[in-house]
There are 2 protein chains.
Amino acid sequence: MNQKELTQHLKQVKTLCTSQGARLTPQREQVLSLIMRSKKPLTAYELLEGMRQEDKTPAPPTVYRALEFLQEQGLIHKLESLHAFVGCNHPEHPHAGQFLICTDCGEVNEVCNHELDKSLNAVEKNQGFNLQRPVIELLGRCASCQK
Amino acid sequence: MNQKELTQHLKQVKTLCTSQGARLTPQREQVLSLIMRSKKPLTAYELLEGMRQEDKTPAPPTVYRALEFLQEQGLIHKLESLHAFVGCNHPEHPHAGQFLICTDCGEVNEVCNHELDKSLNAVEKNQGFNLQRPVIELLGRCASCQK
DNA sequence: CCTAGAATGTTATAATGTAACAATTAAAAT
DNA sequence: ATTTTAATTGTTACATTATAACATTCTAGG
């Protein structure tokens, strides 16, 4: 996401947060911006590096707390298999993501397959299971990396 | 899995390994047994505790290597969202698992929904993605814990 | 037996994540 | 406006998960 897109995104996100009574503080906004600008998922410690100010990085809880907030607001997703975070492009309607993760180039693609959603619902129903957080991470090689 | 089932399972697994030219050494068998006997997923360090002999636990690489082997053979699955391992009940035909994970009681249920598989195939095809390892972990509350 | 490759042992350290408490800041109530 | 309450941030210390690198031992095959 480039600077222009980011500015637009942040504007939308701020509205969203206000309407939820959630505070997008400067620190949280900084973490979100780092994630949205990045082409690749970022780990907590990469984010800490990104937050460095004059040879001083914040302590880990700082970034973990911001990440927790951003996840709660549906502004970012955690990729469990990478211990890393990606931005969510459609925070306006909450959803759990489905991710294609290229193990070659590291690119991550969020998809939204409704058939897959239906299957998940079916599993829920069959098993009497109350699904709260689906983790769908598809590791493999993206189209470009197969050539 | 009780002792009787375990014995039977190990027998099958040994045949499987032999046919693959893979060696199920005593250490690997011990790790597999610990996992199969457990009702809950076990972390690497819990397994190390389980391997303790007279106040002496092996060093971490020991168990991580065994786990790597067992995963390669399709004898266990790693649950990324829990950093823990569960046994595979059907190692005879290799498959990636789909897991229902109860965040209340910790129970894990491996399911095999073919609709879901189909959806994954569809995503693959649509995106030209070569899926190598699907991570499907459904976190929520199991039927019993909802009462 | 000998030897090459596989498996294991050992040490050290990297990477990820959290608990607990103190200090500060912002929001709500009087 | 001031107080007071709750949310946020800072800080220290440490817990948990995981791997690199190299030494040693074992085992299957020649």
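In what follows, every chain begins at residue 1, and chains take the letters A, B, ... in the order their sequences are listed.
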### Query
Of the nucleotides dT8(C), dT9(D), dT18(C), which has the atom closest to the Arg28(A) side chain?
dT9(D)
### Query
Is it true that a side-chain atom of Glu110(A) and a backbone atom of Phe99(A) form a donor plus acceptor pair closer than 3.5 Å?
no
### Message
Less than 4.0 angstrom between a side-chain N/O of Thr43(A) and OP1 or OP2 of dA15(C), yes or no?
### Response
no
#### Entry: Closest-nucleotide 5' rank along DNA chain D - winner of Ala84(B) and Thr25(A)
Thr25(A)
### Query
For His83(B) and dA18(D), is the shortest distance between a side-chain N/O and OP1 or OP2 below 4.0 Å?
yes
### Query
So what does Arg65(A) touch, heavy atoms closer than 4.0 Å: a base, only the sugar-phosphate, or nothing?
base
### Query
Reckon Lys78(A) has a side-chain N or O less than 4.0 Å from the OP1 or OP2 of dG17(C)?
yes
### Message
Using side-chain heavy atoms (C-beta onward) and a distance below 4.5 Å, is Leu67(B) in contact with Val63(B)?
### Response
yes
### Query
Just wondering, do Val135(A) and Leu138(B) contact through their side chains at under 4.5 Å, heavy atoms?
no
### Query
What about Tyr45(B), does its side chain sit under 3.5 Å from the base of dA18(D) through a donor-acceptor pair?
yes
### Message
Nearest whole Å is fine: how far is dT16(D) P from Leu47(B) CG?
### Response
15 Å
### Message
Strictly below 4.0 Å: does Arg23(B) bring a side-chain N or O up to OP1 or OP2 of dC26(D)?
### Response
no
### Query
Hey, are the side chains of Met51(A) and Val31(A) touching, using non-hydrogen atoms and a 4.5 Å cut-off?
yes
### Summary
Whole-Å distance, Leu67(A) CG to dT9(D) C1', equals 15 Å
### Query
CG of Leu24(B) versus C1' of dC26(D): gap in Å, rounded?
16 Å
### Atom pair distance, as rounded to whole Å: CD in Gln27(B) and P in dT24(D)
19 Å
### Distance in angstrom units between Leu48(B) CG and dT8(C) C1', rounded
14 Å
### Summary
With the side chain defined as heavy atoms from C-beta on, Thr62(A) is closest, among dT17(D), dG10(D), dT10(C), to dG10(D)
### Query
Rounded to whole angstrom units, what separation is found between the CD atom of Gln53(B) and the C1' atom of dT8(C)?
15 Å
### Whole-Å distance separating the CD atom of Gln20(B) from the C1' atom of dA6(C)
17 Å
### Task
Measure from the side-chain N and O atoms of Lys78(A) to the backbone N and O of Val86(A), and report whether any donor-acceptor pair falls under 3.5 Å.
no
### Message
In this structure, how many angstroms lie between the P atom of dC14(D) and the OH atom of Tyr64(A), rounded?
### Response
18 Å
### Message
Among dT10(C), dT17(D), dT11(D), which nucleotide has an atom closest to any side-chain atom of Lys56(A)?
### Response
dT11(D)
### Query
Using a cut-off of 4.0 Å on non-hydrogen atoms, how would the nucleic acid contact of Pro61(B) be classed: base, sugar-phosphate, or nothing?
base
